[in-house]
Amino acid sequence: MAHLFLVKDIAFQAGLSTATVDRVLNGRPGVRRQTEMRVKAAIAELEKQQAGAMGSGRMLAIDIVMETPQRFSDAVRAAFEAEMATFLPGVFRCRFHFAEVMKPAELVQLLDRIRLRGTHGIVLKAPDVAEVAAAVARADAAGIPVVTLVTDLPNSARIAYAGADNRAAGETAAYLIGEFLGAGGGKVLVTLSSGRFRGEEEREIGFRRVIRARYPEIGITEISEGHGTDAATGTLAAAALAADPAINAVYSIGGGNRAVLAAFDAAKRRVRVFVAHDLDADNRALLAARRIGFVLHHDLKTDARSAFRAIMSRATALPRAVTPSLSSVEIVTPYNMPAAD
C-alpha cells in the first residue's frame with residue numbers, strides 16, 4: 001500500500017497500533033477488511049491535509065549542511081533527491097552544503113549566512129559543540145526549524161533528530177564482534193572520524209558497554225580525528241597496528257575503511273572480523289569482496305523523509321507537529337545486501 005507518511009502518523013490518524021498498521025501496509029495475513037479500510041482512510045486524510053497545506057503551490061527551500069566524507073555526502077544527496085520526488089510536485093527544493101572537514105567557526109559562519117539569507121529549514125550534521133548549538137539557537141529564534149541528521153545536538157534548539165539509535169548500533173557491533181572472536185579474544189581497533197560528533201560518541205559508548213559487560217577478554221584500541229578521510233585514517237591505523245600486535249578486529253565508526261584495510265595489508269596482519277557503518281559505494285564494494293564482514297545500515301531515505309516531514313509540519317502549520325521516530329538498524333552481510341538505488 002503506497003503512502004508518504006510515517007507509520008506512527010498513520011496509526012495516530014487511524015486510532016490503531018503501529019504494529020497493526022505495519023501488518024496492513026505490508027500485506028501480512030490476519031488483518032480484517034475493516035482494519036484495512038481504516039488504514040486506507042487514514043492515509044487519504046493525511047494526503048488531504050498535506051494537499052491542503054501545499055495547495056497554494058508554496059515551495060519550501062531547505063538547506064542540507066554536513067561535515068562528512070564525500071562518500072557519505074554522496075549517499076545523503078541521493079537519499080534526499082529520491083525522497084523529494086515522493087512528495088507533491090514542487091514542495092521541496094534542497095540546497096546542499098557539504099565539506100569533508102570544517103572548523104567550528106566556518107560551520108557557524110555558514111549557518112549564520114543561511115539564516116540571514118533566509119530558508120524554510122536546515123538539516124544539519126555537525127559536531128556537538130557550544131558554538132554550533134548557539135548558531136542553531138539563532139536560527140530557531142529567527143523562525144527557522146533545524147533538524148539534526150544521523151548525529152544529534154540534544155542540548156540545542158533543534159526541533160527533531162532524524163537518524164538511528166546510535167548507542168544501540170554500537171551495542172550491536174559489540175555483539176557481532178564478541179560472538180565472532182569468542183573466548184579466544186583479541187583486540188578491536190575502533191575508528192572514529194572525530195570525537196566531536198555525538199552520534200559517534202554514542203556508538204562508542206554502546207560498544208564499550210557491551211564489550212566490558214559480556215566480552216571482558218576483548219580489548220579496545222581507539223583512533224580518532226582522521227575525519228573519515230583515507231589519508232589521515234590510514235596513517236592513524238598504521239601507527240596503531242605498529243604499536244599493538246594484538247589488534248585483530250575492526251569496528252569502523254567513522255569510515256576510511258579502504259585505508260584501514262590497506263594498513264592491515266601493509267603490516268601483513270589479518271582482520272578476523274570487520275564491522276562498518278552505512279552502505280555507501282565503498283562499503284558495498286568491500287562487502288561484496290568479503291573484505292568486511294558486516295555493515296550496520298539504516299535507510300537514509302527514511303531519515304530524509306522524517307526531516308522533510310518535521311520541517312513541513314513547522315513551515316505549514318499542520319494540525320500537529322511531527323516527531324520523527326528513530327530509523328531501524330539492519331545488519332547487512334554479503335548475502336543480504338540490497339540492490340543499489
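In what follows, every heavy atom counts, from backbone to side chain, and hydrogens, waters and symmetry copies are set aside. For the single chain, residues carry numbers from 1 onward in sequence order.
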Test side-chain contact (heavy atoms from CB on, under 4.5 Å) applied to M66 and L124, step by step: CA-CA 6 Å; M66 299 178 63; L124 178 64; over 6 Å; no

Chi angles and distances behind the side-chain contact (heavy atoms from CB on, under 4.5 Å) call for M312, R314: CA-CA 5 Å; M312 188 168 66; R314 173 72 71 90; over 6 Å; no

V21 and T18: CA distance, side-chain angles, deciding distance, side-chain contact (heavy atoms from CB on, under 4.5 Å) verdict: CA-CA 5 Å; V21 171; T18 55; 5.6 Å; no

Worked check of side-chain contact (heavy atoms from CB on, under 4.5 Å) between V65 and L111: CA-CA 8 Å; V65 179; L111 291 172; 4.3 Å; yes

Salt bridge (Lys or Arg N to Asp or Glu O under 4.0 Å) between E83 and K301, intermediate numbers included: CA-CA 6 Å; E83 282 305 297; K301 289 191 289 187; 5.3 Å; no

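Linking ILVMFWY residues whenever their side-chain heavy atoms come closer than 4.5 Å, directly or via other members, places V250 and I223 in the same cluster. Residues V129 and M102 fall within the same hydrophobic cluster, defined by Ile, Leu, Val, Met, Phe, Trp and Tyr side chains chained together at heavy-atom separations under 4.5 Å. In terms of hydrophobic clustering, with Ile, Leu, Val, Met, Phe, Trp and Tyr side chains grouped at heavy-atom distances under 4.5 Å, V123 and L110 are assigned to different clusters. Under the 4.5 Å side-chain heavy-atom criterion for ILVMFWY residues, a single connected hydrophobic cluster contains both F96 and L300. Placement of L279 and V150 in two distinct hydrophobic clusters is found when ILVMFWY residues are connected by side-chain heavy-atom separations under 4.5 Å, directly or transitively.
Although no hydrogens or angles enter the test, the distance criterion places no donor-acceptor pair under 3.5 Å between the side chain of D63 and the main chain of C94. A distance-only check finds a donor-acceptor pair linking the side chain of R269 to the backbone of I247 [under 3.5 Å]. Checking side-chain atoms of T119 against main-chain N and O of A61 turns up a donor-acceptor pair under 3.5 Å. For K125 (side chain) and L149 (main-chain N/O), no donor-acceptor pair under 3.5 Å exists by modelled atom type. At least one donor-acceptor pair closer than 3.5 Å links the side chain of T172 to the backbone N or O of A168. Judged by distance alone, with hydrogens and angles left aside, the side-chain atoms of D244 form a donor-acceptor pair with the main-chain N or O of A246 at under 3.5 Å. Judged purely by atom type and a 3.5 angstrom limit, T20 has no side-chain atom pairing as donor or acceptor with the backbone of L16.
Through direct or relayed side-chain contacts under 4.5 Å between Ile, Leu, Val, Met, Phe, Trp and Tyr, M37 connects to no other residue. Other members of the cluster containing Y251 are Y175, L176, I177, F180, L181, V188, V190, L192, F207, V210, I211, Y215, I218, I220, I253, V273, V275, F294, L296, V329, I331, with ILVMFWY side chains joined at under 4.5 Å, either directly or via other members.
D282 and N257 form no side-chain donor-acceptor contact under 3.5 Å, judged by distance and modelled atom types alone. Between the side chains of D303 and S306, no donor N or O sits under 3.5 Å from an acceptor N or O. A side-chain donor from one of N166 and R203 sits under 3.5 Å from a side-chain acceptor of the other. Side chain to side chain, D299 and S327 fail the donor-acceptor criterion of an N or O pair below 3.5 Å. Between the side chains of E200 and T151, not a single donor N or O lies within less than 3.5 Å of an accepting N or O.
More than 12 heavy atoms of other residues, nucleotides or ligands lie within 6.0 Å of CZ in R290, so this atom counts as buried by the packing criterion.
A distance of 6.0 Å or more separates the ring centres of F80 and F92.
A salt bridge (charged side-chain N to carboxylate O under 4.0 Å, His left out) check over residues 213-224, counting only residues at least two apart or in different chains, returns the pairs R208-E222. Within the structure, the salt bridge (charged side-chain N to carboxylate O under 4.0 Å, His left out) test picks out the following pairs touching residues 150-174 (sequence neighbours left out): D152-R158, R167-E202, E171-R209. Counting only residues at least two apart or in different chains, side chain to side chain donor-acceptor pair (under 3.5 Å) contacts with residues 98-112 comprise D112-R115, D112-R138.
Closest approach of P127 and E67 over heavy atoms only: CG-OE1, 3.6 Å. Across all non-hydrogen atoms, the minimal contact from A237 to L189 is CB-CD2, 4.2 Å. Between F308 and M84, the shortest heavy-atom distance links the atoms CZ-CG, 3.6 Å. The two residues E36 and V31 make their nearest non-hydrogen contact at N-CG1, 4.2 Å.
At a threshold of 4.0 Å, the pair R71-D278 does not count as salt-bridged, since none of the basic side-chain nitrogens sits closer than that to a carboxylate oxygen. A salt bridge is absent between D230 and R258; no separation between the charged side-chain nitrogens and carboxylate oxygens falls under 4.0 Å.
Taking 4.5 Å as the limit, every side-chain heavy atom of H298 sits out of range of all side-chain heavy atoms of S328.
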For residues 260-267, which side-chain donor-acceptor pairs fall under 3.5 Å, sequence neighbours excluded?
| from | atom 1 | to | atom 2 | distance (Å) |
| --- | --- | --- | --- | --- |
| D265 | OD1 | R291 | NH2 | 3.2 |
| D265 | OD2 | R291 | NH2 | 3.3 |

